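Everything below concerns the one structure shown next.
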Protein chains: 2
Amino acid sequence: MSITETNTPRIRRTPEESRANILSAAESLLVEHGPQSLRLADVAKAAGVANATVLHHFGSIGAVHTALMERMIADLVEAIMAVDVPADAPAEARAVGLKTLFDALESRGAARLAAWLELTDETSRLTVVRAAVQEVAQKKISNTGVPTEMAEDLILLSVTLAIGVGLFGPSLSTLIGKPPERARELTLQMLLSYLQQLSA
Amino acid sequence: MSITETNTPRIRRTPEESRANILSAAESLLVEHGPQSLRLADVAKAAGVANATVLHHFGSIGAVHTALMERMIADLVEAIMAVDVPADAPAEARAVGLKTLFDALESRGAARLAAWLELTDETSRLTVVRAAVQEVAQKKISNTGVPTEMAEDLILLSVTLAIGVGLFGPSLSTLIGKPPERARELTLQMLLSYLQQLSA
DNA sequence: TCTGTTATTGACATTTTTGTCAGTAGTACT
DNA sequence: AGTACTACTGACAAAAATGTCAATAACAGA
């Protein structure tokens, strides 16, 4: 028994750090390989910890999924809250705002998150989304000069298109032999032109 | 041993019928509960057959997934091929065509299929999609009067929006407190208005 | 330096999911 | 009827995924 034991050096983090580390790893997996890759072993491996560590901090793999959804939604809300698409401002400002919105919903796997939520059955998770939507809608709608009804419609339209384009745009563009950002360009162009026409 | 054996009456189908029966059941599961519900036991139960029967016809659950994707893509291609959105015809005809396109991509879980493909890693499956796109694009683009480049862009735009709206439209509309078809209405309205403007 | 706390882990147990196989039972054909 | 073919099935085996537990090891505070 003279074989020297290769004690694996342990990294000890605070619970918050550890949770964040695991969730970040899981987020990468989600974005790069899809929801079906969020298995316990895979998440643990990506985070560089043992399976049991993941369970120690979250209790179950399902809880990891929920926490990841919540974290990504929170990030997304924050990103969207930072965007301003003034309906009554000059076209130039609107264009910038919309572009930022599309960026926010395409990058960071936000579209992936949305698709995951959409395809996932469990309605319990919808409450989180609902809360986020409330938060965004409330702030966004109040600070425009247009009537509430129309503001809601415009937001619904913009967000739906942004998420849809964020998820499918790159693939479809590539499939038809165009640069991946083509669908987004076309959509933004149309959306801006439409808004301009409305305000005329 | 006087217990009367309750022989389960067997249904014997042709291989084609059996495969179709299983795939239909799987499709329902996909549309109603998402890809994660496409487990062997669930598919078999939904189809009303034993697990082993599914494997007898497909070999593995993965093969069922592939076959389902291929069948749904084929159906989708057929549906799209039947649509005609003449770029040079009166606005009325265009509106009808686009509406049909949106219907085709929202119903039957086409949007669910697209999201599933998008979230699924395996690139091998992309070849099927690529072939389908080639088929549709080739026919669709040649029979319009507009330049190829622009026709491609318009198709890319329409299809991207249709799939995006088909997947996210109903949920987002509902979340913001509107009827589920609202996002689609808004998108169609904008798209038509934009096309009209282009041709002017 | 000692001690309490707890994040971490490997080994193991449990559950879930997939796949195998030999036998059963419809159906067509003789 | 009898027979060949094979769709079909239950029972079982294998694999994969999740979860449990007791022991270990960082680290803070005494």
Side-chain angles (χ1 to χ4, degrees), chain A residues 1 3-26 29-30 33-69 116 119-122 124-125, chain B residues 1 3-26 29-30 33-69 116 119-122:
Chain A
M1 296 299 187
I3 300 175
T4 49
E5 298 274 339
T6 52
N7 324 17
T8 319
R10 287 188 188 179
I11 300 175
R12 190 190 176 97
R13 292 174 246 246
T14 68
E16 299 75 42
E17 281 172 345
S18 202
R19 286 175 61 96
N21 171 52
I22 291 166
L23 289 184
S24 295
L29 283 180
L30 172 68
H33 302 290
Q36 73 278 10
S37 72
L38 293 178
R39 285 170 289 250
L40 175 58
D42 294 339
V43 171
K45 188 173 168 189
V49 299
N51 293 13
T53 303
V54 175
L55 294 174
H56 170 72
H57 287 290
F58 291 93
S60 75
I61 188 63
V64 174
H65 296 167
T66 303
L68 177 58
M69 284 180 179
W116 184 28
L119 291 181
T120 298
D121 221 5
E122 317 173 34
S124 62
R125 283 162 178 170
Chain B
M1 299 297 192
I3 300 174
T4 49
E5 299 272 341
T6 52
N7 325 15
T8 319
R10 287 188 188 178
I11 300 175
R12 190 190 177 96
R13 292 175 246 245
T14 66
E16 299 75 42
E17 281 173 344
S18 201
R19 286 175 60 97
N21 170 52
I22 291 166
L23 289 183
S24 296
L29 283 180
L30 172 68
H33 303 290
Q36 73 279 13
S37 72
L38 293 179
R39 285 170 290 251
L40 176 58
D42 294 340
V43 170
K45 189 174 170 188
V49 298
N51 293 14
T53 303
V54 175
L55 294 173
H56 171 72
H57 288 291
F58 291 93
S60 76
I61 188 63
V64 174
H65 297 168
T66 302
L68 177 58
M69 284 180 179
W116 184 27
L119 291 182
T120 298
D121 220 5
E122 317 172 36

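Within every chain, numbering begins at 1; the chains are lettered A, B, ... in the order of the sequence lines, protein sequences first and strands thereafter. Note that these values count all heavy atoms, side chains included, but never hydrogens, waters or copies made by symmetry. As the structure is a prediction and not an experimental result, all values here were calculated from the model.
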Quiz item: Of all the choices, D:dA7, C:dG19, C:dT9, which nucleotide is nearest to the side chain of A:A52 once you look at every atom?
Solution: C:dT9
Quiz item: Quick one: are A:L38 and A:L30 in side-chain contact, heavy atoms under 4.5 Å?
Solution: yes
Exercise. Could you check how far CD1 of B:I22 sits from P of D:dA7, rounded to whole Å?
Key: 11 Å
Quiz prompt | Flag side-chain contact, heavy atom, 4.5 Å: A:R13 against A:V49 | solution = yes
Quiz prompt | Distance, rounded to the nearest Å, where A:N51 contributes CG and C:dA13 contributes C1' | solution = 14 Å
Exercise. Just compare D:dG19, C:dA7, D:dA7 and give me whichever is closest to any side-chain atom of B:R12.
Key: D:dA7
Quiz item: What's the CG-C1' distance between A:N21 and C:dA7, to the nearest Å?
Solution: 13 Å
Practice problem: May I have the distance from B:H56 (atom NE2) to C:dG23 (atom P), rounded to whole angstrom? | Solution: 17 Å
Exercise. For A:V49 and for B:G62, find the nucleotide of DNA chain C with the closest heavy atom, then tell me which residue's nucleotide is more 5'.
Key: A:V49
Practice problem: With DNA chain C as reference, determine whether A:T53 or B:S60 sits nearer its 5' end, using the nearest nucleotide of each. | Solution: A:T53
Quiz item: When you check the phosphate oxygens OP1 and OP2 of D:dA7, does a side-chain N or O of B:R13 lie under 4.0 Å from one of them?
Solution: no
Exercise. To the nearest Å, give me how far apart CG (A:L40) and P (D:dA15) are.
Key: 21 Å
Quiz item: Is there side-chain contact between A:T120 and A:M69, with heavy atoms separated by less than 4.5 Å?
Solution: yes
Self-check item: Gap between atoms CD1 and P, on A:I11 and D:dT24 respectively (whole Å)
Solution: 21 Å
Quiz prompt | Listed nucleotide nearest any side-chain atom of A:R10, set C:dG19, D:dA17, C:dT9 | solution = C:dT9
Quiz prompt | Spacing of A:K45 atom NZ relative to C:dT9 atom P, expressed in whole Å | solution = 15 Å
Quiz item: How is B:T14 classified with respect to the nucleic acid when contacts are heavy atoms under 4.0 Å: base, sugar-phosphate, or nothing?
Solution: nothing
Self-check item: Nearest-neighbour nucleotide for the A:A50 side chain, D:dG10, D:dG19, C:dG10 considered
Solution: C:dG10
Quiz item: Roughly, in whole Å, what's the span from NE2 in B:H65 to C1' in C:dT18?
Solution: 11 Å
Quiz item: Should B:L55 and B:L40 count as side-chain neighbours, where that means a heavy-atom distance under 4.5 Å?
Solution: yes
Quiz prompt | Distance, nearest 0.5 Å, that separates CD of B:E17 from CZ of B:R12 | solution = 11.5 Å
Quiz item: For the side chain of B:I61, counting heavy atoms from C-beta on, which of D:dG19, D:dC8, C:dG19 is nearest?
Solution: C:dG19
